[in-house]
Amino acid sequence: MRFVKGHGTENDFVILPDPDGALDLTAEAVVRLCDRRAGIGADGILRVVRTKAMDLSDADGPGGAEGLEGAEWYMDYRNADGSIAEMCGNGVRVFARYLVDSGLAAPGEWDIATRGGLKRVTLGPSGDVSVDMGTPVPLGPGEASLAGAVFRGERVSMGNPHLACRVDRPVAALDLSRAPEFDPQAFPDGVNVEFYRPVGDRHLEMRVYERGSGETRSCGTGTVAAAVAAAAGTTGPGEWTVDVLGGRLTVTLDGGTSHLRGPAVLVAEGETRPGWI
């Protein structure tokens with residue numbers, strides 16, 4: 001099995017080229033590939049498949065399956081535990097960089113199909129990648145508990161569920177070795193929990209615990225969710241800088257859609273050993 005390894009602010013992925021949709025990617029195979037000791041190691045899998053080769057029955061973004069047919073390429077994203085996720089903001093930028101680097105797409109602006117709908121990316125032959133993340137949907141207050149403490153925050157849908165909690169101490173002090181607890185009735189599909197702290201004008205630091213992956217070095221959709229929560233009732237739309245463990249991302253909120261800009265880096269490629277998967 002051919003693979004490419006890449007990351008966006010150290011949120012890392014195994015990319016599996018499968019243009020014709022021939023690969024039977026099981027949850028067990030995903031877990032093996034993402035294992036950091038016995039596999040390649042990653043926070044998730046990006047399967048690169050032509051949209052026309054995909055079964056789009058599970059697409060739940062705007063327009064459903066029909067809304068995805070205008071994009072040539074589909075990002076089939078899987079969490080490290082083998083579960084299927086709707087979207088990944090860092091992943092879609094790495095996915096776009098792979099398409100350009102491999103000659104499957106030209107630099108410029110075009111759409112990528114995901115389970116969370118079409119995502120429009122903008123990129124050159126090198127450098128940062130920007131993606132239109134769509135309209136954030138605030139869903140009201142929520143809370144999570146961590147190490148016996150309760151953290152209140154804002155629920156935000158970015159095509160996938162988020163709970164962005166403001167903290168008043170450095171995020172480095174948080175113990176994210178265990179998953180935050182939350183009300184399963186409020187989050188029936190699980191939730192990505194962000195902890196953020198303002199450190200300047202429209203400037204945040206953030207850590208995140210992602211469902212299906214644990215704490216990651218960065219989360220693109222979570223970065224946007226944190227900016228949305230921080231902007232609520234305060235400075236409103238504009239550009240936000242968000243520092244994560246793996247680097248820095250820029251979020252732009254314009255009162256309608258949202259944009260995420262940051263690096264997307266490919267670091268290695270190769271083949272798995274015959275019979276290993």
Side-chain angles (χ1 to χ4, degrees), residues 6-13 34-37 41-44 79-81 85 88-91 93-94 128 133 136 141-156 158 160-182 187 190-235 238-253 258 260-265 267:
H7 74 91
T9 49
E10 298 181 6
N11 188 193
D12 61 338
F13 308 96
C34 292
D35 191 305
R36 295 195 180 278
R37 291 179 175 83
D43 293 323
N79 293 313
D81 67 352
C88 178
N90 287 322
R93 296 197 331 277
V94 173
D128 286 357
M133 299 289 285
E143 63 180 38
S145 59
L146 184 69
V150 175
F151 295 86
R152 292 177 174 82
E154 295 296 323
R155 295 181 295 133
V156 180
M158 292 300 305
N160 57 355
H162 292 271
L163 175 63
C165 302
R166 175 171 174 160
V167 299
D168 297 322
R169 61 182 186 271
V171 295
L174 297 171
D175 179 6
L176 291 184
S177 60
R178 294 187 179 182
E181 298 180 359
F182 56 86
F187 303 104
V191 65
N192 302 299
V193 183
E194 292 80 34
F195 300 92
Y196 71 90
R197 181 176 74 111
V199 293
D201 183 28
R202 299 179 188 264
H203 188 181
L204 310 175
E205 63 171 11
M206 187 192 88
R207 286 174 67 191
V208 58
Y209 196 100
E210 294 194 57
R211 58 174 185 167
S213 296
E215 183 180 14
T216 58
R217 302 282 293 175
S218 177
C219 174
T221 52
T223 301
V224 179
V228 169
T234 56
T235 54
E239 187 172 284
W240 292 75
T241 299
V242 184
D243 294 330
V244 293
L245 295 180
R248 174 169 287 182
L249 292 162
T250 301
V251 175
T252 303
L253 306 175
S258 59
L260 176 69
R261 185 176 76 250
V265 182
V267 299

Any L245 side-chain heavy atom under 4.5 Å of S218 side chain: no
Run the side-chain donor-acceptor check on residues 219-230: report pairs under 3.5 Å with partners two or more places apart or on a different chain.
residue	atom	partner	partner atom	Å
T221	OG1	N160	ND2	3.3
T221	OG1	H162	NE2	3.0
T223	OG1	C219	O	2.6

Partner set under side chain to side chain donor-acceptor pair (under 3.5 Å) for R197, not counting sequence neighbours: E205
Which residues share a side chain to side chain donor-acceptor pair (under 3.5 Å) with S258, sequence neighbours left out: none
Atom CG of N79 and atom CG of N192: how far apart are they, to the nearest 0.5 Å? 8.0 Å
State, with a plain yes or no, whether a side-chain heavy atom of N90 is found less than 4.5 Å away from one of L249. yes
So, using side-chain contact (heavy atoms from CB on, under 4.5 Å) as the criterion, who are the partners of R152 when residues are at least two apart? E143, V150
Taken in chain and number order and not counting sequence neighbours, the residues that satisfy side-chain contact (heavy atoms from CB on, under 4.5 Å) with D243 are H203, T241, R248
More than 12 heavy atoms of other residues, nucleotides or ligands under 6.0 Å from CD of E181: yes or no? no
Closest heavy-atom pair and its distance - S213, A80: OG-N, 3.6 Å
Can you confirm whether E210 sits close enough to N11 that some side-chain heavy atom of one is under 4.5 Å from a side-chain heavy atom of the other? yes
The criterion is side-chain contact (heavy atoms from CB on, under 4.5 Å); which residues satisfy it with F187, sequence neighbours excluded? R155, L163, F182, V191
Within-4.5 Å side-chain heavy-atom neighbours: R166 and P198: yes
So, do L146 and Y209 sit near enough that their side-chain heavy atoms are less than 4.5 Å apart? no
So, applying side chain to side chain contact (heavy atoms under 4.5 Å, CB included) with E194, which one of V242, V156, V244, V208 is it? V208
What's the separation between atom SG in C88 and atom CE in M158, rounded to the nearest 0.5 Å? 12.0 Å
Would you please name every residue forming a salt bridge (Lys or Arg N to Asp or Glu O under 4.0 Å) with E10, sequence neighbours left out? R217
Residue set satisfying side chain to side chain donor-acceptor pair (under 3.5 Å) with R36, at least two apart, ordered chain then number -> D12, D43
Considering all heavy atoms, the nearest R211-G190 contact: CD-C, 4.0 Å
List for me each residue that meets side chain to side chain donor-acceptor pair (under 3.5 Å) alongside E215, sequence neighbours excluded, and say none if there are none. R207
Test of understanding: with salt bridge (Lys or Arg N to Asp or Glu O under 4.0 Å), list the residues that count as partners of D175, not counting sequence neighbours. none
side-chain contact (heavy atoms from CB on, under 4.5 Å) with R169: which residues, sequence neighbours excluded? F151, A173, L174
Strictly distance-based, threshold 3.5 Å: is any side-chain N or O of R261 a donor or acceptor partner for the main-chain N or O of D128? no
